[in-house]
Number of protein chains: 2
Amino acid sequence: MNIGQASRATGVSTKMIRYYESVGLIRPADRTDSNYRDFGDRDINELQFIRRARNLGFSVGEIGQLLALWRDRGRPSREVKAVAEKHVADLDARIAEMKSMADTLRHLAHCCAGDERPDCPILSDLSGTGTPGRQGADTNLRPRTTAAIDR
Amino acid sequence: MNIGQASRATGVSTKMIRYYESVGLIRPADRTDSNYRDFGDRDINELQFIRRARNLGFSVGEIGQLLALWRDRGRPSREVKAVAEKHVADLDARIAEMKSMADTLRHLAHCCAGDERPDCPILSDLSGTGTPGRQGADTNLRPRTTAAIDR
DNA sequence: CCTTGACCTTCCCATGATTGGAACCTTCAT
DNA sequence: ATGAAGGTTCCAATCATGGGAAGGTCAAGG
């Protein structure tokens, strides 16, 4: 199986397959005489594993840990669970941050007439001149870097 | 006010102030004879505006739009509201993606004994061998790039 | 046999927001 | 005058991903 076939079989782009190899997430694929990468069933399984883990938002580093545990037939499930729970906590924290931002903004937008007049509580809030009793945008919440979405 | 004072006054790092200038978000600051940047009240206000907008998760591009509207005393609040509502929709979409990931993973972790035994529904799911009736990790959801949190 | 098109290879570049550091200059207080 | 603190520019790295160039390989068909 060359890289294009492996890509189609796993839903991982050829670019990313090469990248995962370059960062050591998967071991270097075999090569044909003409220097084409040659993937076996085992590689395909690992790429599918990677894709599923990415779909759950795991970083490449975390996937490295998960792959190592997967390959280790004697791993304690405790370790896998720890990785998963830490990631869940990360996700929950980011969700909470973004929810707080969305709620604040929803409130401001709700208070904004949204017509031809220039008065705007959203801009007032951002400029610090708006109704100071409100929650305002002056929290130190910001979203956090994560990954990208499937095409 | 030099850049360090401006940074302390606004909570925007000196690095980011220079960056915002370089990308045209703020206009180039005045310079002293010794080539130090010199910020006035107006610059300070804009930097605070930017920080608040970042805290609400707006991208630099969106902040550019918001700043332009802010400077335009005759803008229709409709336009501001549109920018805000689009951003809320973006946030909500990302929240939904991440919530789906977290819920899936929470379920898997809940089903995982988390002890010394190697059997693990999390790895089973990732490897595609797990109880196929389940929601599984085979959705095409992934988080999306956003910004970072305040220091 | 040779061409064509589809595929592979490596290498470099760009993204977005942010931080870190090097090399060098300025200001201020001792 | 000397040193610390802080300014300046420029370059690099992060993370996961895609785009593209330049060149090698392969299979089908004329």
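Chain letters run A, B, ... following the sequence lines, proteins first, then strands; residues in each count from 1. Please read these numbers as outputs of a predicted model, since none were measured by experiment.
- The CG-P distance, from A:Asp38 to C:dC7, rounds to 17 Å in whole Å.
- Within the 3.5 Å criterion, the main-chain N or O of A:Ala6 finds a donor-acceptor partner in the side chain of A:Thr10.
- If you measure from atom CD of A:Glu21 to atom C1' of C:dT9, you get 12 Å, rounded to the nearest angstrom.
- Heavy atoms of A:Arg37 sit under 4.0 angstrom from primed sugar atoms or phosphate atoms, though from no base atom.
- The CG atom of B:Asp33 sits 14 Å away from the P atom of D:dT8 (whole-angstrom rounding).
- Note on A:Ser34: a side-chain N or O is less than 4.0 Å away from OP1 or OP2 of D:dC26.
- Computed from coordinates, the A:Arg51 CZ to D:dT17 P distance equals 12 Å when rounded to whole Å.
- Projected onto DNA chain D by closest heavy-atom contact, A:Lys15 and B:Arg31 fall at different nucleotides, the more 5' of which corresponds to B:Arg31.
- Taking atom CG on B:Asp30 and atom P on D:dT8, their separation rounds to 13 Å, with Å as the unit.
- The side chain of B:Met16 has C:dT18 as its nearest neighbour among C:dT9, C:dT26, C:dT18.
- Here the nucleotide nearest the side chain of B:Arg54, chosen from C:dT18, D:dT8, D:dA16, is C:dT18.
- At whole-Å resolution of the value, CD1 in A:Ile3 and C1' in C:dT10 are 12 Å apart.
- Judged by distance alone, the side chain of B:Gln48 and the main-chain N or O of A:Ser127 form no donor-acceptor pair under 3.5 Å.
- Counted within 6.0 Å of CZ on B:Arg117, heavy atoms from surrounding residues, nucleotides or ligands total 12 or fewer; the atom is thus considered open.
- Taking only side-chain atoms of B:Arg18, from C-beta outward, the nucleotide of C:dT9, D:dG18, D:dT8 with the closest atom is D:dT8.
- A:Leu25 is connected to B:Leu123 through a chain of hydrophobic side-chain contacts under 4.5 Å among Ile, Leu, Val, Met, Phe, Trp and Tyr, so both are in one cluster.
- For A:Tyr36 and C:dT10, the OH to C1' distance is 13 Å, given to the nearest whole Å.
- Mapping A:Ser13 and A:Thr32 onto DNA chain D via the closest heavy atom, the residue that lands nearer the 5' end is A:Ser13.
- Rounded to whole Å, atom C1' of C:dT26 lies 11 Å from atom CG of B:Asn2.
- Within 6.0 Å of the CZ atom in A:Arg27, the count of heavy atoms belonging to other residues, nucleotides or ligands exceeds 12.
- Within 4.0 Å (heavy atoms only), A:Thr14 reaches no atom of the nucleic acid at all.
- Within the 4.0 Å cut-off from OP1 or OP2 of C:dA17, not a single side-chain nitrogen or oxygen of B:Tyr20 is found.
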